[in-house]
Engineer: 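This structure is in structure tokens; I'll ask about it shortly.
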Amino acid sequence: MPEHLVYIGTYTDHSPNASKGIYATRFDPATGRLSAPALVAELENPSFVAVSRDRKFLYAVSEVGTADASGKKTGFVAAYGIGTGGKLTPLNRVPSNGADPCHISVSRTGRMVAVANYTGGSTASFRVNPDGSLGAATTDQHVGHGPNKERQEAAHAHSANFAADDHLLLSCDLGADAVYLYQSNDAKGTIAPRRPASVHVEPGSGPRHLAIHPSAHYVYVINELTNTVGVFAWNPAAATLVQRQSISTLPAGTTLANSTAEIVVHPNGRFVYGSNRGHDSIAVFSVDARDGRLTALGHTPTGGKAPRSFAIDPSGRWLLAANQLTNNINSFAIDPHKGTLTSTGATLAVSKPVCVLFV
């Protein structure tokens with residue numbers, strides 16, 4: 001079986017042995033092991049990266065808050081061409097139009113990029129030029145707050161995901177307890193709020209990331225502040241989300257301080273996985289094929305602290321978990337029939353890994 005190229009987004013700082021940007025590694029699908037990482041682009045805090053479907057271009061957020069000419073703080077979005085061996089060639093870098101962009105997606109056609117600005121509390125879209133560089137931007141400012149005065153004092157966009165064959169964009173806002181709904185124009189690279197413009201979740205939940213079921217009938221939203229997954233019936237034609245269930249990501253009786261991070265649906269649609277930071281585990285759920293509801297199957301330790309993100313390989317046989325606070329990425333085998341995870345023992349040392357992306 002051919003090896004997979006894997007990109008790793010990180011947090012950078014000025015400490016010894018700190019990450020310097022985006023790294024590339026090779027994943028062996030026969031063993032579940034990763035090769036030594038190579039720095040392929042220097043960039044400050046490239047916490048999340050995304051690759052175009054044709055594998056020609058990579059886009060990364062630079063999760064910073066730098067004051068622009070008007071004094072407003074903004075982060076940046078960087079575009080790269082992908083060369084031999086995964087090497088990256090810089091194309092351009094543009095303001096994200098909000099501080100601390102923390103998530104990024106590319107449309108299926110590759111003509112549009114979307115970004116969530118966390119501190120800026122906004123969603124931004126960018127037209128992609130024919131050469132892969134980033135063009136004109138459209139920005140929508142979120143509004144609102146939640147009952148958690150420390151984390152929800154204002155809007156905090158946390159993810160942006162294309163849906164319905166690029167016709168829609170869904171953006172989770174942790175601060176406003178809402179999922180924002182946008183009509184996206186892939187040809188122009190623009191977004192416009194739907195009516196209604198958002199769907200609210202349970203107050204204080206703090207929706208962070210979401211995953212769409214392969215059937216396109218369900219959406220799973222992981223809530224950072226309440227350690228829950230919300231199960232929504234999803235009608236892409238009408239752009240409606242209706243919550244059907246809320247289920248904990250933690251074992252019953254857990255008293256550890258915890259916050260969730262990532263959520264992923266298995267390619268076969270039978271299982272959902274969510275990461276716990278504090279409990280430091282991957283929660284495993286089975287999916288009811290009749291209505292999309294979840295049943296907890298168990299929890300697998302990630303072998304490190306604060307699993308910020310994780311990814312499943314294209315075959316559905318492997319999961320890579322990025323432990324941000326212990327500077328390692330660990331590999332797990334997935335049982336395709338039971339959904340359970342088994343550690344392979346393979347680990348990769350990377351400073352402050354955040355995002356793991358199979359190409």
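The figures that follow rest on heavy atoms only: side chains count, while hydrogens, waters and symmetry mates do not.
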Engineer: Nearest 0.5 Å, please: how far is NE2 in His279 from OG1 in Thr260?
Structural biologist: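 If I round to the nearest 0.5 Å, the distance is 13.5 Å.
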
Engineer: One pair to check against side chain to side chain contact (heavy atoms under 4.5 Å, CB included): Leu225 and Leu174. What are the steps and the verdict?
Structural biologist: CA-CA 8 Å; Leu225 304 182; Leu174 181 148; 4.2 Å; yes

Engineer: Does Asp131 offer a backbone N or O that forms a donor-acceptor pair with the side chain of Asn129 under 3.5 Å?
Structural biologist: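 Checking the backbone N and O of Asp131 against the side chain of Asn129, no donor-acceptor pair under 3.5 Å is found.
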
Engineer: If you apply the rule side chain to side chain contact (heavy atoms under 4.5 Å, CB included), what do you find for Phe76 with Ser96, and how did you get there?
Structural biologist: CA-CA 5 Å; Phe76 299 92; Ser96 67; 5.7 Å; no

Engineer: Does the plane of the ring in Tyr182 sit parallel, tilted or perpendicular to the ring in Tyr180? Use 30° and 60° as the thresholds.
Structural biologist: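 Parallel: the ring planes of Tyr182 and Tyr180 meet at under 30°.
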
Engineer: Could you measure the distance from the CG atom of Asn148 to the CD atom of Glu224? Nearest 0.5 Å is fine.
Structural biologist: 10.0 Å

Engineer: Check whether any side-chain heavy atom of Asn330 sits under 4.5 Å from a side-chain heavy atom of Ser343, and report yes or no.
Structural biologist: no

Engineer: Using every non-hydrogen atom in the two residues, find where Ala124 and Asn117 come nearest and quote the distance to one decimal.
Structural biologist: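 It is CB-ND2, 4.2 Å.
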
Engineer: Please answer whether the main-chain N or O of Gly189 pairs with a side-chain N or O of Ser125 as donor and acceptor at a distance below 3.5 Å.
Structural biologist: yes

Engineer: Give me the atom names and distance for the closest heavy-atom approach of Phe332 to Ala321.
Structural biologist: CE1-CB, 4.1 Å

Engineer: Checking the side chain of Arg317 only, and the main-chain atoms of Pro29 only, is there a donor and an acceptor separated by less than 3.5 Å?
Structural biologist: yes

Engineer: In Å, rounded to the nearest 0.5 Å, how long is the span from CD of Glu262 to CD1 of Ile222?
Structural biologist: 8.0 Å

Engineer: Does a side-chain heavy-atom distance below 4.5 Å link Ile312 with Pro267?
Structural biologist: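 A side-chain contact under 4.5 Å exists here.
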
Engineer: Any chain of hydrophobic side-chain contacts (each under 4.5 Å) joining Ile282 to Val272?
Structural biologist: no

Engineer: Let me know which of Gln152, Glu153, His158 forms a side-chain hydrogen bond (donor to acceptor under 3.5 Å, both in side chains) with His156.
Structural biologist: Glu153

Engineer: Quick one: does Gln183's side chain have a donor or acceptor within less than 3.5 Å of a partner on His167's backbone?
Structural biologist: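 Yes: the side chain of Gln183 pairs with the backbone of His167.
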
Engineer: For atom NE2 of His145, is the number of surrounding heavy atoms from other residues, nucleotides or ligands below 6.0 Å larger than 12?
Structural biologist: no

Engineer: Flag yes if Leu341 and Trp318 sit in one hydrophobic cluster, no otherwise; membership is Ile, Leu, Val, Met, Phe, Trp, Tyr, and two members link when side-chain heavy atoms are under 4.5 Å apart.
Structural biologist: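 No; tracing contacts between hydrophobic side chains, which count when under 4.5 Å, never links both residues.
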
Engineer: For the hydrophobic clusters of this structure (ILVMFWY residues joined by side-chain heavy atoms under 4.5 Å, transitively), does one cluster hold both Val77 and Leu91?
Structural biologist: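 Val77 and Leu91: one cluster.
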
Engineer: Check whether any side-chain heavy atom of Pro214 lies under 4.5 Å from a side-chain heavy atom of Val265, and answer yes or no.
Structural biologist: yes

Engineer: So, for Pro193 and Asp140, which heavy atoms are closest and what is the spacing to 0.1 Å?
Structural biologist: CG-OD1, 3.7 Å

Engineer: Do the non-hydrogen side-chain atoms of Ser281 and Thr300 ever get within less than 4.5 Å of each other?
Structural biologist: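 No, side chains not in contact.
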
Engineer: Do Leu170 and Val199 belong to the same hydrophobic cluster, where Ile, Leu, Val, Met, Phe, Trp and Tyr are linked whenever their side-chain heavy atoms lie under 4.5 Å apart, directly or via other members?
Structural biologist: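 Yes, Leu170 connects to Val199 through the hydrophobic network.
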
Engineer: Would you find a donor on one side and an acceptor on the other, under 3.5 Å apart, between the side chain of Asp166 and the backbone of Arg108?
Structural biologist: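 Yes; at least one donor-acceptor contact below 3.5 Å.
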
Engineer: So, are Arg111 and Asp186 salt-bridged, with charged N and O less than 4.0 Å apart?
Structural biologist: yes

Engineer: Under 4.5 Å between any side-chain heavy atoms of Leu241 and Gln243, yes or no?
Structural biologist: no

Engineer: In terms of relative ring orientation, are Phe27 and His4 parallel, tilted or perpendicular, with 30° and 60° separating the classes?
Structural biologist: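 Phe27 vs His4 ring planes: parallel.
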
Engineer: Determine whether Val179 and Phe232 satisfy the following criterion, side chain to side chain contact (heavy atoms under 4.5 Å, CB included), listing intermediate values before the conclusion.
Structural biologist: CA-CA 11 Å; Val179 179; Phe232 290 80; 5.6 Å; no

Engineer: Does any part of the side chain of Phe57, heavy atoms only, come nearer than 4.5 Å to the side chain of Val128, both counted from C-beta?
Structural biologist: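 No, side chains not in contact.
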
Engineer: Give me the atom names and distance for the closest heavy-atom approach of Gly65 to Ala99.
Structural biologist: CA-CB, 4.0 Å

Engineer: Mind listing the closest non-hydrogen atom pair of Ala157 and Cys102 along with its distance?
Structural biologist: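 Scanning both residues, the minimum pair turns out to be O-SG, 3.7 Å.
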
Engineer: Gly303 and Asn323: which non-hydrogen atoms are nearest, and at how many Å?
Structural biologist: C-ND2, 3.9 Å

Engineer: Less than 4.5 Å apart, any side-chain heavy atom of Ser351 and any of Asn17?
Structural biologist: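 No, side chains not in contact.
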
Engineer: Can you measure from CZ (Arg93) to OG (Ser133) and round to the nearest 0.5 angstrom?
Structural biologist: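 Between atom CZ of Arg93 and atom OG of Ser133 there are 15.0 Å.
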
Engineer: Treating Tyr220 as the side-chain partner and Gly292 as the backbone partner, does any N or O pair qualify as donor plus acceptor under 3.5 Å?
Structural biologist: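 Such a contact is found between Tyr220 side chain and Gly292 backbone.
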
Engineer: Measure from the side-chain N and O atoms of Asn276 to the backbone N and O of Thr249, and report whether any donor-acceptor pair falls under 3.5 Å.
Structural biologist: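 It does hold such a pair.
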
Engineer: Check whether any side-chain heavy atom of Ile8 lies under 4.5 Å from a side-chain heavy atom of Leu348, and answer yes or no.
Structural biologist: yes

Engineer: Checking side chain to side chain contact (heavy atoms under 4.5 Å, CB included) for the pair Asp28/Glu3: CA distance, chi angles, key distance, verdict?
Structural biologist: CA-CA 5 Å; Asp28 184 347; Glu3 292 183 330; 4.3 Å; yes

Engineer: Counting distance only, does the side-chain N/O of Thr228 pair as donor-acceptor with the main-chain N or O of Asn223 below 3.5 Å?
Structural biologist: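 Looks like no, no N/O pair under 3.5 Å.
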
Engineer: Quick one: side-chain hydrogen bond (donor to acceptor under 3.5 Å, both in side chains) pairs with a partner in residues 33-53, sequence neighbours left out?
Structural biologist: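 As it turns out, the side-chain hydrogen bond (donor to acceptor under 3.5 Å, both in side chains) pairs with a partner in residues 33-53, which skip direct neighbours, are Thr12-Asn45, Thr25-Ser35, Ser47-Glu63, Ser52-Asp54.
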
Engineer: Ignoring hydrogens and angles, tell me if any N or O in the side chain of Ser331 forms a donor-acceptor pair with the backbone of Gly32 under 3.5 Å.
Structural biologist: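 Such a contact is found between Ser331 side chain and Gly32 backbone.
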
Engineer: Could you check whether Thr190 and Thr138, counting side-chain N and O atoms only, form a donor-acceptor pair closer than 3.5 Å?
Structural biologist: no

Engineer: Would you kindly confirm whether Ile22 and Leu5 end up in one hydrophobic cluster when ILVMFWY residues are joined by side chain heavy atoms under 4.5 Å apart?
Structural biologist: yes

Engineer: Checking Asp280 against Thr302: is there a side-chain donor and acceptor pair closer than 3.5 Å?
Structural biologist: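 No, no side-chain donor-acceptor pair sits under 3.5 Å.
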
Engineer: Can you tell which of Tyr273, Phe48, Phe310 makes a ring pair (Phe, Tyr, Trp, His ring centres under 6.0 Å) with His209?
Structural biologist: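 One option only clears the test, and that one is Phe48.
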
Engineer: Once you round to the nearest 0.5 Å, how far does CG of Leu134 lie from CG of Asn92?
Structural biologist: 5.0 Å

Engineer: Answer yes or no: is there a donor N or O on one side and an acceptor on the other, between the side chain of Thr326 and the main chain of Asn328, under 3.5 Å?
Structural biologist: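 The answer is no, because no donor-acceptor pair under 3.5 Å joins these two groups.
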
Engineer: Enter the distance from Cys172:SG to Asp177:CG here, rounded to the nearest 0.5 Å.
Structural biologist: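 Going from SG on Cys172 over to CG on Asp177, the span is 11.0 Å.
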
